[in-house]
Structures are given as C-alpha cells and as structure tokens.
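Right, one structure below, let's go through it.
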4 protein chains.
Amino acid sequence: MAEARRDAERTRSELLAVATEVFAEEGFSGARVDDIAARTRTTKRMIYYYFGGKEGLYRAVLEEAYRGIREAERAIDVDHADPVDAIRALAELTFDHHVGHEAFIRLVAIENIHRGEFIRQIEGLRTLSQPAKGLLDEILERGRAAGVFRSDVDAIDVHLVISSYCVFQVANQYTFGHLFDVDLASPERRAHLRAALGDVVVGWLTAPAR
Amino acid sequence: MAEARRDAERTRSELLAVATEVFAEEGFSGARVDDIAARTRTTKRMIYYYFGGKEGLYRAVLEEAYRGIREAERAIDVDHADPVDAIRALAELTFDHHVGHEAFIRLVAIENIHRGEFIRQIEGLRTLSQPAKGLLDEILERGRAAGVFRSDVDAIDVHLVISSYCVFQVANQYTFGHLFDVDLASPERRAHLRAALGDVVVGWLTAPAR
Amino acid sequence: MAEARRDAERTRSELLAVATEVFAEEGFSGARVDDIAARTRTTKRMIYYYFGGKEGLYRAVLEEAYRGIREAERAIDVDHADPVDAIRALAELTFDHHVGHEAFIRLVAIENIHRGEFIRQIEGLRTLSQPAKGLLDEILERGRAAGVFRSDVDAIDVHLVISSYCVFQVANQYTFGHLFDVDLASPERRAHLRAALGDVVVGWLTAPAR
Amino acid sequence: MAEARRDAERTRSELLAVATEVFAEEGFSGARVDDIAARTRTTKRMIYYYFGGKEGLYRAVLEEAYRGIREAERAIDVDHADPVDAIRALAELTFDHHVGHEAFIRLVAIENIHRGEFIRQIEGLRTLSQPAKGLLDEILERGRAAGVFRSDVDAIDVHLVISSYCVFQVANQYTFGHLFDVDLASPERRAHLRAALGDVVVGWLTAPAR
DNA sequence: AATGAATGAGTGTTCATTCAT
DNA sequence: AATGAATGAACACTCATTCAT
C-alpha cells in the first residue's frame, strides 16, 4: 500500500514535470495529451485518472509552477541597512530570478493569452503571500522614513516596474531581439540589462515626487 | 478584370481582418481555419488560395499587424522644446498607444511563445524603421546636450523600459490583476499607471550616471 | 485482456482484408481511407491506430499479400520423374496459381507504377524464399543431367518467362483483349493459353543451346 | 487567325506532352490537374477548354500514345529470307522497342488497373492495324510452308509470348528486380534478356507440335 | 493502481471543376 | 483564344476522451 502510494506519487509528479515542459513550450492548445504521456513512463490514461483531463493537468501545472516560484522567491533576501542599496539588490535579484525561470514566465504568458481563466479557478493561490512584495513594503517604508525615497510610490507600483522589465526581457526577447537585432540573452547584454534595471528603480525612487 | 481584382482584394483583406482577431484571441494552435472562414463571406478554400495555408495566413496577419502599428506610431509626435517634457510625453503617448492596441500586443505575445519563428520568416520587417526609436534618439541627444539627462543610457535602453512597462500592463493584466487584486484596465488605474511611467523614465534619466 | 487482444486482432485483420480489396481495385492514390473504413465494422480512426496512416496500411497490405502468395506457392508440387513432364507441370500450375490471384497481380502492378518504393521498405520480404524458384532449380538440374535440357538457361531465366506470361495474361488482359478482340479470361482461351505456356517452356528448354 | 490556330495547336500539344509524362508517372488518380497545368505555359483552365476535363485529357493522352507507338512499330522491319532468322529478329526488335518506350508501357499498365475502361471509349483505336502482327502472320506462314515451324501456333499466341516478356521486363522490373536482387535494366542483363527471348521463340516454334 | 483498445467530432488541406469576363 | 477568381465536396489525418477489464 505504502509502495503503491509511492508509485502513484511518482507517476503523478512525473506527469506534472513533463506537462510543465510541454505546456510551457507549446501553449495550452498546442500541447498534446499524447505527447505528454509518451514522454513519461505511464500512459495517457493516467492523465485522466489523476487530473481529470487536459485542462485539469494544465491547472495543476499552473498551480505547481506558482507554488514553486513563490518558494524560490522566499530565498530572495537583501539585508542591506541602506534602503537604496536594498532596493537595487532586490531589483537585481528579481532580475536573476526571472532569467532562471523562463518556463514559468512562458506559462504565465500563455495563461494571459487565455485571459487568466484557469488561474482564477485555482483556490488559495492569491492568498499565497508574495514574499517579494512584503520585502518591498519594508524597504520602501525604510526609505521613505529616511527621506531618500519619494512618497508617491507604493509597493505595487514598484513591483510592476520591476516585474514588467524582468518579464519582458525574457518573454519578448524573440520579437524584440529580432526587430532591434540584439541578443537579449547574451551574458554581456544580460549584465547591462541587470544594472540598468537597478538604475531605473533607484533613479525613479530617489527623484523628488511629482 | 478590374472588378475581379477589386473583389480579390476585398476577399483577401476580409480574411486578414478576421484572422487577426481570431489569432489574437486564440493563438496560432488554438485558432481554427474553419472558424476564420465562417466569419467571412468567403470559404475556407480561399485561405489556401491566397495564403497557402494556416501558417501563411498567420504570417500575413503578423506582417500586417506590424506594418499597421508602425504606421500608427508615426503619428506619435512630441514637440516640446524641453527634453524632460518631451520624454515624458513620448512615454505617455506610447502608453496610450499600447492601451489602444491590445490585439497587436497579444499577437506579439503569441509569436514569442513560438520563439519568433514566424516573424523571422517575414522579409523586410526589420528594416521598417521604428519611428519611436528615431524620436527617442533625438530627445535623448537634446537632453544630454542640455546636461539634464544622464549619459550612460541609449535609445534601446529607454525603449526597452517603456515597452516592457506598456506591454506588461496590457499583456499580463490578467494574472497580475488577479494575484494582486487590482484592475489594471480601470480608468483610474490607467491614469495612475500612465503618470507613473512618466515618473519612472524622467526620474531615471535625470538621475546622475552610476 | 485476452478478449481485448482478440478483438484487436480481428479489427486489424478486417481492416487489412478490406484494404487489400480496395487498394487492388483502385490503386494507392485512388483508394480512399474513408471508403476502406466504411466497409469494416470499425472506424477510420483505427487505420491510424494500427497502421499509422494510409501508407502504412498499404505497406501492410503489400507485405501480407506477398506472404500469402508465398504460402500458396509452397503448395505447388510436381512429382514427376521426367524433367520434361515436371517443367510443363510447374509452368501450368504456376499459370493456374496466377489465374486464381488476380488481386495480388494487380497489387504488384500498382507497386511497380510506384517504382517499388513501398516494397523496398518492407523488411524481410526478400529473404522469404521463393518456393517456385527452388523447385525450378531442382528440375533444371535434373533435366540438364539427363541431357534433355539445354545448358545455357538458369532458374531466373525460366522464372521470368513463366512469370511474364502468367502475369501479362492477367494484368494486361483488358488492353490486349480489347485491341485483339479476344477474351483472355474465357475458359477455352485459358485452356489454350495454359497449354501454350507448357509448349513454350518445353520447346525452349529442349532445343539445343545457341 | 492562322497564328491563333498555331498557338492553339501549340497549347494543346504542350498540354498533351506534359500530361503524358505526369499520367505515366503518377497514374490517373495520382496525377494532378494543377500539376500538369503548372508545368506548361498555359493555365489549368485550358485543360477544360481543350479536353473537357481530367478524364478527357487522359483519354487524349492514351490515344496519342497508342498512335505514336503504332507509328514507331511500323518502322520495325525484318527482311530475312529465313523465317527462323526473321522471327528472332522480330522478337529482338520488339524487345528494343519496349525498352525505349517505358512511359507507354506504364500508361498501358495504368489503363489495365482501370480495367481498360478508357481505352474502350476511344474510337478507331482497334482498327489501327497492328503492324507487328501483320509481319508475324507473314513470317509464320513462311515458316510453316518451309516446314520449320510447328503448325499449332498462330500470330496471337506468338504475339502474346513476345509482348508479355517485353512488357513484364519493363513494367515489373521494380518488384522482380528487388525480390531476386537483379537489375533488369542494366546493359548486360538487357543483352542477356534480349537473346533469351529469341531463344524462347525460336525454340518453341521449331519444336514439333504437341 | 493501472491499461490497451476504441471512438466521434473535428482539423488543416487538396481536389477537379466552374464562373464571370 | 484565353484567364484569374472562386468553389464545395472530399481528403488524409488528429484530437481529447472513454470503455471495458
């Protein structure tokens, strides 16, 4: 029984891992249930057994991906006394974090193509505290208290600036790179991009309020 | 003859218009050739006659969308003597422009899911000068000459910051909005977002170089 | 399980039997997958399940047809002490054999129209020993030893003469029959044709070498 | 007018020449009207204009091919006083003739797959005297009169033996060659095959009647 | 806990043919 | 004598899903 359960868990997680790859690569419509099954040691039938169908599998993938990314975000820590150093460090670590999770970013892009209809069905995802946001709140608070940060900016504003930059540079690298003839993924470009993001956030936050 | 040619043009462009909608809505794999045809006055057969197939149609949609957007960008003009006013205006007009072209942004996201494999096949798209970039170059030049802009930032850097922000706020509105419980598309939010972008760009560019 | 497997075998062989008929009748391009499926108790989908597609089904038909014909050839036996009697008997039995397998002859003609591209993909068909050829070798050997057969003729030569005659009289009966206003398939003609083949082979083999 | 007619004739014959190639290569069902048209300087529409459709074009191809082959056969002449020499020469020249007209042989095979349904619709093809047959009659007559040929064989019998051999060695070369691992089209094999046919016919005809 | 066989609705594509001029 | 545009039926093939055990 315990062994059966262990096998079951292995089957389930193998399916999930492969499905994550395939959905991230091909999108929801582009992914093939047969293809996913063929890449595992189980059969297609198990997808229905464990996840109810393609949509259930996709939802499970999405949920697991978000949980994993939150987990990883929790590792981001900046212990700088200086809020300016801290915010730059947070921006840059967030940048690194995105670079390392292209599959997740692709899944999010795919989910947005579907106007978020699946993420809305996942219970308890929203309540999953966003570690980065808590950190942001705290840094901003300190900066404002120290008089070095402008006061008309809140954590969501900053998070959106950082996220958009980090996501775009991964998600839109193909069209942007082609049109402007640059390779956004090259090490040199990445280093430049990373530093520039710190400049943007620091420059913005330390400027006087409008 | 002239009439036949006129009808041909109408058939072609009707197909293109409908396909743009459908591909933007459903993605490449999700779009159905039957569905596209059913929404026009012609038949599915004509897609093959004029575009060679689903892929050819998608490429034509992508190309036309880019050409259209470039055309629209050309209308963006900021005649402010002051480079700071000018750059803020450019950022905000770019913001407005993106808000008004969600279908295009979706197509670009879809194309990036496909890692840009189709855009690369379209000849002459890259040479289509990017009007916004020319304008940017000029404003940055003036700002640097006037000593109000930092000197370690070029047009591509600024374009990427502006683009990422504008694109993200449209493309990722569903997941971001859901997770943080905000409606990025509401008029008030949009006004706030728009102003914040100006602040970001101006604060960044007017800060001293690193 | 056993039953499922039995059903699978039935489905597969029913498909194969019907496909043999249809391909022999209509040729590869002329055969319709829908048509084949409609004549069975299963659906078109099963053709793809078991054979991968139209081409795979055609290959399976070709292979099974060749195996079947080899099986049938094995039944041909001539136990005549006299090599002259034996060779005549072999020629005439081969003739009968062809008359009874028009579908096979048509499949072979079709495959030759395709320049043998499919038969070349079937593994292990060539090694399937040709029973008739072994018999031929033996009869020729005996005849030569007895001094009644010429020595400048080998089994392949004789096989080609016999085969060409037998095949032609079935495969080309329609154009030949029309042009010369004879019915090659009538019982009287067949009897005449059969005897003539014996005469040809015996006359040829018993004549002195060139 | 004269010029228009000349153009018309050129269009028609170009279509016919290309169609002959395509039908011989692909069979009736396998041939594509679009493909035929694309290989000419005219358009698909002209096939309907001149031939009424695919079937009409195929019939025209078949008719023209038969007429051409009869024309070519007329060039076959054997002026040997000795009927044995004459019959061997006729067999061997017929062999050469077939080797040089593979496309025609393929068309005939295709037509037989269709059970001769199209050739039957062509008027006046049957009355087209078969030059080879006339010659055969005459040689056989002389041979019988001279007492060197058996008397129980008529021209059709001989014609069938010669035709079947000549046709088979071209038409079935792919499957026969593959199965027995010989190249029937190689120069050495062809020379052997050619001489063997002479041996067969001469051996048969000069043997005593059954 | 697992599975091989089966399925129906649909999916992109191609066909020979005709219309309108 | 010629043609570019258009067509509908058919075509080979694929999809996510369920059945029966």
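FYI, side chains are in, hydrogens and waters are out, and symmetry mates aren't considered; it's all heavy atoms of this structure. In what follows, every chain begins at residue 1, and chains take the letters A, B, ... in the order their sequences are listed.
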Q) Just by protein heavy atoms under 4.0 Å, how would nucleotides 12-17 of chain F read 5' to 3' in B, S and -? A) BBBBBB
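Regarding C:Phe51, its CZ atom lies at a distance of 13 Å from the P atom of E:dA5, rounded to whole Å. Rounding to whole angstrom units, CE of residue B:Met46 and P of F:dA6 are separated by 6 Å. As a whole-Å value, the separation of B:Arg41 CZ from F:dA5 C1' is 15 Å. B:Leu57 places its CG atom 16 Å from the P atom of E:dT11, with the value rounded to the nearest Å. Regarding C:Arg12, its CZ atom lies at a distance of 16 Å from the C1' atom of E:dA6, rounded to whole Å. A straight line from CD1 of A:Ile47 to C1' of E:dG4 spans 15 Å, rounded to a whole angstrom. D:Glu14 places its CD atom 17 Å from the P atom of F:dA1, with the value rounded to the nearest Å.
For the side chain to side chain contact (heavy atoms under 4.5 Å, CB included) test, residues two or more places apart in sequence or in another chain that qualify with C:Ile110 are C:Tyr58, C:His114, D:Ile113. A:Arg59 is linked by a side chain to side chain donor-acceptor pair (under 3.5 Å) to A:Glu55, A:Gln121, counting only residues two or more places apart in sequence or in another chain. Listed by chain and number, the residues in a ring-ring contact (aromatic ring centres under 6.0 Å, His included) with C:Tyr48 amount to none (sequence neighbours excluded).
Without hydrogens or angle criteria, A:Arg120 side chain to A:Arg115 main chain gives a donor-acceptor distance under 3.5 Å. Using a distance-only test at 3.5 Å, with no hydrogens or angles considered, a donor-acceptor pair links the side chain of D:Asn112 to the main chain of C:Thr175.
Of all non-hydrogen atoms in A:Ser29 and A:Lys54, the two that sit nearest each other are O-NZ, 3.6 Å. Listed here is the closest heavy atom pair of D:Ile36 and D:Val18: O-CG1, 3.6 Å.
A donor and an acceptor atom never sit less than 3.5 Å apart when one is taken from the side chain of D:Tyr49 and the other from the base of F:dA2.
Classification of A:Arg67 and A:Glu63 as a salt-bridged pair holds, one side-chain N sitting under 4.0 Å from a carboxylate O.
Minimum atom distance to the side chain of A:Thr11 is reached by E:dA2, of the listed E:dA2, F:dA6, F:dG4.
Distance check on atom C1': F:dA20 versus E:dA1 gives 16 Å, rounded to whole Å.
Rotation axes derived from the C1' atoms of the five outermost pairs at either end of the helix from E:dA2-F:dT21 to E:dT21-F:dA2 lie 30° apart, to the nearest 10°.
Residue pairs meeting the salt bridge (Lys or Arg N to Asp or Glu O under 4.0 Å) criterion with at least one member in residues 13-23 of chain B, sequence neighbours excluded, are B:Glu14-B:Arg41, B:Glu21-B:Arg39.
D:Tyr50 has no side-chain polar atom (N or O) that falls below the 4.0 Å cut-off from OP1 or OP2 of F:dA1.
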